[in-house]
Visitor: 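Mind having a look at this structure? Questions to follow.
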Number of protein chains: 2
Amino acid sequence: MNDQQLKSFIVAAEEGSLSKAAARSYVSVPSFSQRIQTLERELGFALFARSAQGVTLTPAGESFLQTARTVVSVYEDGLARAVSLARNRVRVGHLSNEPFPSFFPGLINYFARSFPDIEVVFRFAAESTWVEGVRDGLSDVCFATPPSDDATFENLRFTHLFDDPVYLCVSPASPVADCTEVGHGALDGATVYIQPDYRGLPSFEALFALAEEGATVVEAEFSKELIMRVVMEGHGVIPLPGQYFASCCPPLAPVRLSGDTIDQGVIYRADASQPVLDFVACAERYFQEEGSALLATGWAR
Amino acid sequence: MNDQQLKSFIVAAEEGSLSKAAARSYVSVPSFSQRIQTLERELGFALFARSAQGVTLTPAGESFLQTARTVVSVYEDGLARAVSLARNRVRVGHLSNEPFPSFFPGLINYFARSFPDIEVVFRFAAESTWVEGVRDGLSDVCFATPPSDDATFENLRFTHLFDDPVYLCVSPASPVADCTEVGHGALDGATVYIQPDYRGLPSFEALFALAEEGATVVEAEFSKELIMRVVMEGHGVIPLPGQYFASCCPPLAPVRLSGDTIDQGVIYRADASQPVLDFVACAERYFQEEGSALLATGWAR
DNA sequence: AGGTTTTACGGTAGTCGTAACGATA
DNA sequence: TATCGTTACGACTACCGTAAAACCT
């Protein structure tokens with residue numbers, strides 16, 4: 001068994017054809033056929049039934065396909081983890097469909113100055129939450145609010161970095177657009193779009209409760225399109241943590257929503273490597289030194 | 001990556017020495033060294049730090065060792081599962097430290113006559129319960145009582161085979177040794193050894209409750225040594241399902257404990273292959289046709 | 001005829017074992 | 001000096017690509 005055989009087998013099973021799989025793998029058809037034959041000989045049973053239309057999995061092949069997929073993914077994840085250990089690498093996990101928090105560039109620069117030999121890599125992926133990627137060893141750290149449930153937080157640590165104020169995404173035509181700070185009362189009668197993930201955050205609890213006071217609360221996924229609709233068409237209001245407000249809404253003036261701030265920090269494994277601990281400590285220092293200055297001058301702009 | 005490299009790496013890590021690992025793998029030292037070097041070159045980082053005393057894992061190597069172990073075990077388990085599918089094989093799981101139920105030989109013969117092309121393989125292993133081996137795909141079927149918790153029984157099926165009477169293992173010197181059947185009252189004041197696994201079985205609930213009526217109830221692992229002590233030294237009584245009584249206690253006369261019988265059957269995966277379903281159906285038929293005869297003539301002997 | 005998989009064959013690259021070498025206690 | 005890991009080299013095996021064959025629709 002080797003990884004080439006397993007990957008070839010997976011591709012062949014997906015394509016249902018050795019010639020198509022060979023083309024996708026950039027090798028000649030006979031060589032590809034030989035790989036499968038060698039694998040079958042080593043395993044001791046046929047993976048495919050051949051025909052002039054292509055190949056179809058045997059029952060045993062179907063079972064072994066699951067195994068091959070698991071082996072390949074375990075191997076590749078483990079390899080990435082080991083490489084990041086060997087190379088003094090910190091893998092920062094981030095969801096591919098969300099914007100970059102506005103403090104990323106400054107923090108990365110600060111860290112690079114302090115630890116020039118440690119490499120920072122961003123890992124964009126589609127886990128349902130960043131925390132899962134860290135828990136499963138796919139990333140080393142992620143930026144998040146402290147987790148509410150203890151189950152997924154097993155063997156993970158949270159370090160507080162800063163308290164993030166909440167800003168409102170509103171149309172420039174809105175009467176509150178010129179205010180620098182408003183209270184919850186300003187949202188009476190408005191339509192408020194809230195990211196479902198924010199349920200459970202103390203500073204958003206009051207917002208979800210607005211529904212009982214005349215406001216229309218809509219749970220909607222965070223997206224550029226939604227923000228543009230709100231801004232351009234004046235449909236409603238989107239409350240956002242300051243870090244996201246800055247990267248999402250550059251043309252808008254920041255309207256601070258008074259009330260609680262959001263506890264923002266980093267999540268990492270309890271058995272994290274030294275570079276990861278260095279990264280966390282450095283991030284903590286960065287926000288202690290410059291965080292308040294960033295907040296005061298309005299990093300939300 | 002190939003399995004030979006991974007296994008070599010695991011052996012080297014276990015031995016802490018390339019020469020010892022090479023000897024254990026029956027290859028020359030240079031070849032073995034080359035395998036590790038090739039693997040390290042492919043991975044892109046060093047697995048070991050070398051010295052004149054041997055080799056020690058680097059941090060990255062330590063991380064990759066876990067990956068290698070997982071990959072090898074996933075691969076080998078998956079291979080066994082696929083092979084059993086390809087070869088019309090039914091793998092019967094059985095704990096290596098427990099005796100064979102007395103009906104095994106008869107059932108296997110019956111099945112072999114009905115399905116001569118299906119191979120039956122016994123898998124002896126040390127899962128904490130047989131059910132886990134079936135759930136994880138390491139075995140296809142196991143003989144057991146119906147599971148009490150639904151959590152581990154997800155995607156598993158249970159088929160009833162027979163109702164097993166409970167027999168007592170007692171010293172021949174005991175006053176009840178000559179009885180063919182006794183009630184629970186005969187156990188007053190006696191020391192009763194019960195397998196902890198039997199907790200939860202309806203027919204054993206009353207036995208565990210005996211502790212409140214003057215009997216001494218000891219939870220003890222089922223073993224030949226325990227049975228011999230009880231038999232030879234007259235320490236107490238061991239209630240056993242009939243199938244185990246016969247294989248454990250050949251010199252003893254069966255003393256039937258009146259009361260409930262034990263629901264015995266087979267456990268197998270909901271997505272079991274045809275040979276496994278054949279095996280289950282055949283076992284069901286076997287006990288319908290011959291089970292009552294076995295019971296009547298005292299298979300406990 | 002156009003698609004599929006397979007066999008045949010020469011060249012390249014990898015793997016093994018023996019022998020010799022370098023490093024360390 | 002004894003033990004450990006590495007390098008050097010010849011023999012063997014495995015893999016790849018080209019060319020040609022066998023097969024089905």
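Chain letters run A, B, ... following the sequence lines, proteins first, then strands; residues in each count from 1. Computed from a predicted model, the values in this text were never measured in an experiment.
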Visitor: Classify the angle between the aromatic ring planes of B/Phe143 and B/Phe279 as parallel (below 30°), tilted (30 to 60°) or perpendicular (above 60°).
Guide: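 Aromatic pair B/Phe143/B/Phe279 classed perpendicular.
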Visitor: Can you give one letter per nucleotide of nucleotides 19-25 of chain D, 5' to 3': B if a protein heavy atom sits under 4.0 Å from the base, S if only from the sugar-phosphate, - if neither?
Guide: B----SS
Visitor: Could you tell me how far apart A/Phe48 (CZ) and C/dT4 (P) are, to the nearest whole angstrom?
Guide: 15 Å
Visitor: Applying side-chain hydrogen bond (donor to acceptor under 3.5 Å, both in side chains), can you list everything that pairs with B/Gln66, at least two apart in sequence or on another chain?
Guide: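 B/Gln66 satisfies side-chain hydrogen bond (donor to acceptor under 3.5 Å, both in side chains) with no other residue.
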Visitor: Between A/Phe48 and A/Ala12, which heavy-atom pair has the shortest distance, and what is it?
Guide: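 Residues A/Phe48 and A/Ala12, closest heavy atoms: CZ-CB, 3.7 Å.
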Visitor: Look at A/Ser33 and C/dT5 and indicate whether a side-chain polar atom (N or O) is within less than 4.0 Å of OP1 or OP2.
Guide: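 Indeed not, no polar side-chain atom of A/Ser33 lies that close.
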Visitor: Strictly below 4.0 Å: does A/Gln37 bring a side-chain N or O up to OP1 or OP2 of C/dT5?
Guide: no
Visitor: Excluding sequence neighbours, so at least two apart, what forms salt bridge (Lys or Arg N to Asp or Glu O under 4.0 Å) with A/Arg87?
Guide: none
Visitor: Tell me every residue that passes side-chain hydrogen bond (donor to acceptor under 3.5 Å, both in side chains) with A/Asp271, counting only those two or more places apart in sequence or in another chain.
Guide: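 Once residues adjacent in sequence are excluded, the partners of A/Asp271 under the side-chain hydrogen bond (donor to acceptor under 3.5 Å, both in side chains) criterion are A/Arg269.
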Visitor: Evaluate the ring planes of B/Phe103 and B/Phe287, with Trp represented by its six-membered ring, and classify them as parallel (under 30°), tilted (30 to 60°) or perpendicular (over 60°).
Guide: perpendicular
Visitor: Taking CE from B/Met1 and P from C/dG14, how many angstroms apart are they, rounded to a whole number?
Guide: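 Distance check: B/Met1 CE to C/dG14 P gives 18 Å.
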Visitor: B/Leu47 has an atom CG; how far is it from atom P of D/dG5, in whole Å?
Guide: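 To the nearest whole Å, that distance equals 15 Å.
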Visitor: Looking at A/Arg123, A/Arg91, A/Arg89, which one forms a side chain to side chain donor-acceptor pair (under 3.5 Å) with A/Asp140?
Guide: A/Arg91
Visitor: Is the closest basic N to carboxylate O distance between A/Glu76 and A/Lys7 below 4.0 Å?
Guide: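 Yes.
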Visitor: Could you run through nucleotides 11-16 of chain D and give me one letter per nucleotide, 5' to 3': B if any protein heavy atom sits under 4.0 Å from the base, S if only the sugar-phosphate is that close, - if neither?
Guide: ----SB
Visitor: Between atom CD1 in B/Ile36 and atom P in D/dT6, what is the gap in whole Å?
Guide: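 Distance, rounded to whole Å: 9 Å.
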Visitor: Please name all residues satisfying salt bridge (Lys or Arg N to Asp or Glu O under 4.0 Å) with A/Glu284, sequence neighbours left out, ordered by chain then number.
Guide: none
Visitor: Think B/Arg50 has a side-chain N or O under 4.0 angstrom from the OP1 or OP2 of D/dT6?
Guide: yes
Visitor: Taking the side chain of B/Val55 as its heavy atoms from C-beta onward, which of C/dT4, D/dG5, C/dT5 lies nearest to it?
Guide: D/dG5
